[in-house]
Amino acid sequence: MAVVLTNTLSGRKEALVPREAGRVRLYWCGVTVYSRSHVGHARALVTADVLCRYLRARGLAVTFVRNFTDIDDKIIRRAAEVGIPAAELAEREIRAFAEDVAWLRCLPPTHEPRATEHIPAMLALIEQLVAAGFAYAVPDGSVYFRVRRFPAYGKLSHRRLDDMEAGEEIDAAKEDARDFALWKGAKPGEPWWSSPWGRGRPGWHIECSAMATGYLGQPFEIHGGGSDLVFPHHENEIAQSEAAAGVPFADLWVHNGMITTGAEKMSKSLGNILSIGEVAAQAPAEALRLLFLGTHYRTPLDFSPARLEESGRALGRLYEALARADEVAGGPPPALPVDGALAEPPTPFLTELCAAMDDDLNAARALGLVFDRMRELNRVLDAGDRAAASAIRRELAAVAATTGLLTEVPATFLETARRRGQERTGLSVAEIDAAIAARNDARRRKDFREADAIRERLREQGILLEDTPSGTMWKAG
RNA sequence: GGCGGCGUACCCAAGUGGUUAAGGGAGAGGUCUGCAAAACCUCCAUGCACCGGUUCGAAUCCGGUCGCCGCCUCCA
């Protein structure tokens, strides 16, 4: 069985065929660092993370590169508004991004290059394109790619040059309105680097071409990003890289669908964004990940706080079951390493899990299997079958390596959730314990009316009680 | 206008020719419990936007209609 991914280039599912046995090179377009990342970015990050994790769990050695665009018109504009140098703004936002992506529990990329650290490689690529007649310089010091010279232009986004409308940014110096900038001449006050065409800065697309091939060579196996990057960004990357090298740029083009809110794309320009930091304040990271994985990565996903909460409830049930199993077993099983986690002796569950993920990362189907397995786990725990429970518990440990879900120690996860909920209620642990003691006192006296009144009062304050054989437990609802 | 995609139960969502259409959330009934909660069991789409067609057989393929979205300009 091979891993199959939908290739935007062909519009079809295609098998991932490593060019070197056992090794996969993955480039994923990162973010432009000029403001906080939002839920849309989170989806792209998680999609790449799941892809990388799964391939590694399958035993493939993945070189994963994710870039930072740290010089760009928006960064310059924003920095001017804030009144700090562009480089400082970029640095600040990179730090904020690092926090967000760590919260999301994404594996760190093998390489995380910044555009400004690879200017020489970009200049070399541009010079090569100019020398070959694929690009031309104009008087203001900018260099443009000559789209007409690249017949395959449009093959990724499936459009013909003749059908395209001219861009807004009409530069009289351009030969063709659809030509795009490889290098932008610096205007007064803008950051600049020296080039054969004078002071300037790289265009957006050239940086990914230079960094991707710089770290991964050409061609490499997988290039991905949000679907809004298909055109023009990825189309232009292909044009540059293939014009320059004369060989394909990347084999498989993988694109995740957009996050919408109220059926409208979440984007900074529409002002309808929810930052990752804002989500972090109201839900565990894996609740967001579970929400993402419930919908196939290519399908648009409508985000709402209500859905996030739903996912949080479902996630809680999974951790509750795991915690029960761990309690019976005296502790959690050792975490499986990400690499080769699925090389374990296959069980029917793991085989099916693999089959689902092999099929274009069908995580939604995989989750269906996980929930089925969870129910079975609860069943054998109810029946007191410890051997069966520990076997299922071990299988579920593989879920973390493949999807990035259930990565935490269940008891810790639940305790954290409890603590957060309790803080929201405004009640102290001591107050809750006192109320529980009073209620249990009433229960011993068979004063159930009083006991129920206490429980009801706590419920109104957001504390839910559970009487178990080992005592009364509480959690925050 | 061009290109791409979507429309499956109360909500979300998997399913892309073949037994009873996954799974999650919500809801209903039951087991357990002093009563609850949790867990488990059962129920919840003779039907997959609509209309035609192909086929022994279609949510799945083809044609048409309606509705929605994305890209075509910075965007994950």
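Quick note on labels: first sequence line is chain A, next is B, and so on, each numbered from 1.
- Between the CG atom of A:Leu290 and the P atom of B:G24 there is a distance of 11 Å, given to the nearest Å.
- Summarising the geometry, the separation between CZ on A:Arg373 and C1' on B:A22 is reported as 16 Å, rounded to the nearest angstrom.
- A:Arg66 comes within 4.0 angstrom of no nucleic acid atom, judged by non-hydrogen atoms across all strands.
- Residues A:Gln240 and A:Ser209 bring a donor and an acceptor atom of their side chains to less than 3.5 Å of each other.
- A gap of 16 Å separates the C1' atoms of B:A21 and B:G57, to the nearest Å.
- As judged by a 4.0 angstrom heavy-atom cut-off over every strand, A:Arg455 is placed among the base-contacting residues.
- At the heavy-atom level, A:Phe448 lies under 4.0 Å from base atoms of the strands shown.
- Annotation: B:A22 and B:U33 have their P atoms spaced 33 Å apart (nearest Å).
- Listed nucleotides B:A14, B:C74, B:A22 differ in distance to A:Asp372; the shortest reach to its side chain belongs to B:A22.
- The same atom, C1', is picked in B:A26 and in B:U20; the two are 24 Å apart, to the nearest Å.
- At a threshold of 4.0 angstrom between heavy atoms, the contacts of A:Ala314 are confined to the sugar-phosphate backbone, with no base atom among them.
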Read 5' to 3' with Watson-Crick or G-U pairs under 3.5 Å, [ ] for crossing pairs and | for partners on another strand, RNA chain B gives ((((((((.[[[..)..(....]]].(((((.......))))).....[[[[[..)....]]]]])))))))....
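- Residue A:Arg449 places none of its side-chain N or O atoms closer than 4.0 Å to OP1 or OP2 of B:G34.
- Tested against A:Leu367, the residues A:Thr403, A:Val399, A:Asn362, A:Leu405 include a single side-chain contact (heavy atoms from CB on, under 4.5 Å) partner, A:Leu405.
- A:Gly294 comes within contact range of the sugar-phosphate backbone alone, with a heavy-atom separation under 4.0 Å but no base atom that close.
- Spacing between atom NZ of A:Lys155 and atom P of B:G2 amounts to 25 Å, rounded to whole angstrom units.
- Between A:Arg419 and A:Val429 the shortest heavy-atom distance is NH1-CG2, 3.9 Å.
- Taking atom C1' in both B:U60 and B:C48, one finds a spacing of 10 Å when rounded to whole Å.
- Contact annotation for A:His233: no contact, since no heavy-atom pair falls under 4.0 Å across all strands.
- Taking only side-chain nitrogens and oxygens, A:Arg307 never comes nearer than 4.0 Å to OP1 or OP2 of B:G24.
- When heavy atoms are screened at a 4.0 angstrom cut-off, A:Val230 is found touching no nucleic acid atom at all.
- A donor-acceptor contact closer than 3.5 angstrom is absent between the side chains of A:Arg114 and A:Asn67.
- Rounded to whole angstrom, the span from the CD atom of A:Glu235 across to the P atom of B:C74 amounts to 14 Å.
- The side chain of A:Pro232 lies closest to B:C74 when the candidates are B:G23, B:C74, B:A76.
- Base engagement by A:Arg443 is indicated by at least one non-hydrogen atom pair under 4.0 Å involving a base atom.
- If you find the closest nucleotide of RNA chain B to A:Asn378 and to A:Gly30, the one lying nearer the 5' end belongs to A:Asn378.
- Between A:Phe220 and A:Tyr215, the ring centre distance reaches or exceeds 6.0 Å.
- Base engagement by A:Leu465 is indicated by at least one non-hydrogen atom pair under 4.0 Å involving a base atom.
- Nucleotide B:A14 holds its C1' atom 17 Å from the CG atom of A:Asp358, rounded to whole Å.
- Cation-pi geometry between A:Arg418 and A:Trp474 is satisfied (NZ or CZ under 6.0 Å from the ring centre, within 45° of the ring normal).
- Going from atom CE of A:Met374 over to atom P of B:G25 covers 7 Å, rounded to whole Å.
- Between B:A14, B:C71, B:G24, one nucleotide has an atom nearer to the side chain of A:Phe231 than all others, and that is B:C71.
- Side-chain N/O atoms of A:Asp452 and base N/O atoms of B:G34 include a donor-acceptor pair closer than 3.5 Å.
- Between A:His158 and B:C3 there is no side-chain polar atom (N or O) within less than 4.0 angstrom of OP1 or OP2.
- Taking every side-chain heavy atom of A:Leu229 into account, B:A76 is the closest of B:G70, B:A76, B:A14.
- In this model, the phosphate group of B:C71 is approached by a side-chain N or O of A:Lys265 to a distance below 4.0 Å at OP1 or OP2.
- Between A:Glu466 and A:Asp228, the residue whose closest nucleotide on RNA chain B is further toward the 5' end is A:Glu466.
- Within 4.0 Å (heavy atoms only), A:Met266 reaches at least one base atom of the nucleic acid.
- The side chain of A:Lys475 approaches B:A38 more closely than any other nucleotide in the set B:G70, B:A38, B:C3.
- Contact annotation for A:Ile259: base contact, defined as any heavy-atom pair under 4.0 Å involving a base atom.
- Taken to the nearest 0.5 Å, the NZ atom of A:Lys265 stands 12.5 Å off from the CD1 atom of A:Ile273.
- What separates NE2 of A:His296 from C1' of B:G24 is a distance of 18 Å, to the nearest Å.
- Look at A:Arg317 and you'll find a side-chain N or O under 4.0 angstrom from OP1 or OP2 of B:A39.
- When all heavy atoms of A:Asp100 and A:Arg36 are compared, the closest pair comes out as OD1-NH2, 3.0 Å.
- Regarding A:Leu301, its CG atom lies at a distance of 11 Å from the P atom of B:C12, rounded to whole Å.
- Annotation: B:C72 and B:C11 have their C1' atoms spaced 33 Å apart (nearest Å).
- B:U8 and B:C68: their C1' atoms are spaced 16 Å apart (whole Å).
- Ring orientation note: the planes of A:His223 and A:Trp253 are close to parallel, at an angle under 30° on the 30°/60° scale.
- A distance of about 15 Å separates the C1' atoms of B:C69 and B:A49, rounded to the whole Å.
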Stepwise side chain to side chain donor-acceptor pair (under 3.5 Å) test for A:Glu466 and A:Thr472: CA-CA 6 Å; A:Glu466 279 180 42; A:Thr472 300; over 6 Å; no
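- Side-chain proximity of A:Asn256 to the nucleotides B:A14, B:A76, B:G24 is greatest for B:A76.
- Of all nucleotides listed (B:C11, B:A39, B:C74), B:C74 comes nearest to the side chain of A:Lys74.
- Using a 3.5 Å distance cut-off with no hydrogens or angles, the side chains of A:His255 and A:His234 do pair a donor with an acceptor.
- Nucleotides B:C32 and B:G23 have their P atoms positioned 26 Å apart, rounded to a whole Å.
- If you check distances only, the side chain of A:Asp467 does reach the base of B:C35 with a donor-acceptor pair under 3.5 Å.
- OP1 or OP2 of B:A26 has at least one side-chain nitrogen or oxygen of A:Arg313 nearer than 4.0 Å.
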